There are 2 protein chains.
Amino acid sequence: MRPLFHPSIEDVTVEAILHALADPVRVAIYADIVAQDCPQNCSNFLTVSDKAVPKSTLSQHFRILREAGLIRSERCGVEMRNISRCTELEQRFPGLIRAIVTAHTIQSADEARARMPAPKRPARRAATK
Amino acid sequence: MRPLFHPSIEDVTVEAILHALADPVRVAIYADIVAQDCPQNCSNFLTVSDKAVPKSTLSQHFRILREAGLIRSERCGVEMRNISRCTELEQRFPGLIRAIVTAHTIQSADEARARMPAPKRPARRAATK
DNA sequence: TCCATAGTTCCGCAGTTCAGAACTATTGAA
DNA sequence: TTCAATAGTTCTGAACTGCGGAACTATGGA
């Protein structure tokens, strides 16, 4: 097993970050890692957005996030602890990560709304807003 | 020739945007289109960052930018005028486009600095470590 | 020592991207 | 009208990339 590679922050490229986060599964995983304060292990994500993700695929996804400089992974016993490198990234590319995670949140909310069964409207008279 | 397809703004996805801009040629083209106020035609980009880009490849790149919702293209005589859809995008995903373009600018500046021939330092009496 | 758990690597298939060649569309000149 | 020039698109095969099942490695208990 080759040792885990983490690029130093000045070697991190915009292209690698965007490529890593251009995948719906990876962006969901990453948004979750950013949201949680404590390290997440890989197998927390064996299902993402109610879809099963095979272990091998998951492993690749984590490698791509790691090699793009988005997360830091360290082995801890039998598991892997993954944390985001937000602070470093914020220094290098101010606003980038937050904007992407926010955009992802907006889109997820839209999708959730679109999936809503009956888009019950409030009665006309008592308008919200 | 099929007519040009432009997604409506609410159909634009973060994934498509990130995928489109995860390519060094495309992000360079897009940053340029955003920077210029007037529409740009495709063949302005037959060379990007001093590298020749084949016409067919360029055409694909523009299609991807267009179908991601990043630019609007319209035929104007024999050429194509391309403008960015910044304003709409800013409404849908606030801060996203600006953060990406800024990050790209930072990185380009870094790369330019790294290519500098002699990184002349101010003479520091003692040796350089 | 053996097993369970967590993750990685290998590998074939499917899908994507690249770039050259041929094509279409529009304009302007003869 | 016809022809040529310009700008961009589509087609196509070769190269590349990504997904996921099977086999593997590493670690920690029993």
Side-chain angles (χ1 to χ4, degrees), chain A residues 1-6 13 15-30 32-33 38-68 70-83, chain B residues 1-6 13 15-30 32-33 38-68 70-83:
Chain A
M1 260 167 194
R2 69 179 69 111
L4 303 177
F5 172 70
H6 294 92
T13 66
E15 286 83 8
I17 292 177
L18 301 189
H19 171 253
L21 298 179
D23 181 280
V25 173
R26 284 196 296 264
V27 73
I29 292 174
Y30 183 69
D32 209 89
I33 291 178
C38 62
Q40 300 294 296
N41 55 25
C42 300
S43 41
N44 288 6
F45 300 96
L46 282 167
T47 71
V48 171
S49 325
D50 298 327
K51 268 194 68 226
V53 182
K55 267 202 316 176
S56 63
T57 304
L58 206 54
S59 178
Q60 302 283 358
H61 283 329
F62 274 92
R63 187 171 58 77
I64 288 169
L65 290 172
R66 184 166 56 241
E67 296 187 354
L70 286 162
I71 60 173
R72 197 173 284 286
S73 315
E74 67 185 278
R75 184 168 266 282
C76 183
V78 78
E79 339 186 303
M80 200 80 121
R81 335 261 29 217
N82 299 285
I83 55 168
Chain B
M1 261 165 191
R2 67 179 70 109
L4 302 178
F5 173 70
H6 294 92
T13 66
E15 287 83 8
I17 291 176
L18 299 190
H19 170 254
L21 298 180
D23 180 279
V25 173
R26 283 195 297 263
V27 74
I29 291 173
Y30 183 68
D32 209 89
I33 290 177
C38 62
Q40 299 294 297
N41 55 25
C42 301
S43 41
N44 288 3
F45 300 96
L46 283 167
T47 72
V48 171
S49 325
D50 297 327
K51 266 195 68 227
V53 181
K55 267 202 317 175
S56 63
T57 304
L58 207 54
S59 177
Q60 302 283 0
H61 284 329
F62 273 92
R63 188 172 56 77
I64 289 170
L65 291 172
R66 185 165 56 238
E67 296 186 355
L70 286 162
I71 60 172
R72 197 173 284 286
S73 316
E74 65 186 278
R75 184 168 266 281
C76 184
V78 78
E79 338 184 304
M80 199 79 118
R81 334 265 25 220
N82 299 285
I83 56 168

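Protein chains get the first letters and strands the later ones, always in sequence-line order, with residue 1 at the start of each. No experiment lies behind these values; they were computed from the predicted model shown.
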*Asks:* Is there a donor-acceptor pair closer than 3.5 Å between any side-chain N or O of B:Gln40 and the backbone N or O of B:Cys38?
*Replies:* yes
*Asks:* With rounding to the nearest 0.5 angstrom, report the NE2 to OG1 distance, A:His19 to A:Thr13.
*Replies:* 10.5 Å
*Asks:* Nearest 0.5 Å, please: how far is CE in A:Met80 from CG in A:Asn44?
*Replies:* 13.0 Å
*Asks:* A:Lys55 NZ to C:dA4 P: how many Å, rounded?
*Replies:* 14 Å
*Asks:* Output side-chain donor-acceptor pairs under 3.5 Å for residues 48-66 of chain B, partner residues at least two apart or in another chain, one line each.
*Replies:*
residue	atom	partner	partner atom	Å
B:Gln60	OE1	B:Arg63	NH2	2.9
B:His61	ND1	B:Arg26	NH1	3.2
B:Arg63	NH1	B:Glu67	OE1	3.4
B:Arg66	NH1	B:Ser73	OG	3.2

*Asks:* Students often get this wrong, so: under 4.0 angstrom with heavy atoms, is A:Ser43 touching a base, only sugar-phosphate, or nothing?
*Replies:* sugar-phosphate
*Asks:* Between CG of B:Asn41 and CZ of B:Arg81, what distance do you get to the nearest 0.5 Å?
*Replies:*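 Here the interatomic distance stands at 5.5 Å.
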*Asks:* With rounding to the nearest 0.5 angstrom, report the CG to CD1 distance, A:Leu70 to A:Ile29.
*Replies:*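 Atom-to-atom, A:Leu70:CG and A:Ile29:CD1 are 11.5 Å apart.
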*Asks:* Please determine if a side-chain N or O atom of A:His19 lies less than 4.0 Å away from the OP1 or OP2 oxygen of C:dT16.
*Replies:* no
*Asks:* Quick one: does A:Asp23's side chain get under 4.5 Å of A:Tyr30's, heavy atoms only?
*Replies:* no
*Asks:* Measure from CD on A:Glu74 to P on C:dT8 and round the result to the nearest Å.
*Replies:*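 The distance from CD of A:Glu74 to P of C:dT8 comes to 14 Å, rounded to the nearest Å.
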*Asks:* Return whichever of B:Gln60 or B:Asn41 has its heavy-atom-nearest nucleotide of DNA chain D closer to the 5' end.
*Replies:* B:Asn41
*Asks:* For nucleotides 25-30 of chain C, just jot down a letter per nucleotide in 5' to 3' order: B, S or -, based on protein non-hydrogen atoms under 4.0 Å.
*Replies:* SBS---
*Asks:* In whole angstrom, give the distance that lies between atom CD of B:Glu15 and atom C1' of C:dT16.
*Replies:*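 That distance rounds to 17 Å.
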*Asks:* Can you tell me how far the NE2 atom of B:His6 sits from the CD1 atom of B:Ile71, to the nearest 0.5 Å?
*Replies:*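 Spacing of NE2 (B:His6) from CD1 (B:Ile71) equals 7.0 Å.
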*Asks:* Provide, to the nearest angstrom, the distance between the CG atom belonging to B:Leu58 and the P atom belonging to C:dT17.
*Replies:*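 Taking atom P of C:dT17 as the reference, CG of B:Leu58 is at 16 Å.
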*Asks:* Quick one: label A:Asn82 by what it contacts on the DNA or RNA (base, sugar-phosphate, nothing), any heavy atom closer than 4.0 Å.
*Replies:* nothing
*Asks:* For the atom pair CG (A:Leu4) and CG (A:Asn82), what is the distance rounded to the nearest 0.5 Å?
*Replies:* 9.0 Å
*Asks:* Rounded to whole Å, how long is the line connecting atom CE of A:Met80 with atom C1' of C:dT9?
*Replies:*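 Rounded to whole Å, this separation is 13 Å.
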*Asks:* Return the value, rounded to whole Å, for the distance between atom NE2 of B:His61 and atom C1' of C:dC18.
*Replies:* 8 Å
*Asks:* Could you state the NZ-P distance from B:Lys51 to C:dA19, rounded to the nearest angstrom?
*Replies:*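 Rounded to the whole Å, the gap is 7 Å.
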*Asks:* What are the bounds, 5' to 3', of the part of DNA chain D that sits under 4.0 Å from heavy atoms of chain A?
*Replies:*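 Contact span on the strand: D:dG18 to D:dG28.
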*Asks:* Could you tell me the separation between the CZ atom of B:Phe45 and the P atom of C:dA19, rounded to a whole number of Å?
*Replies:* 18 Å
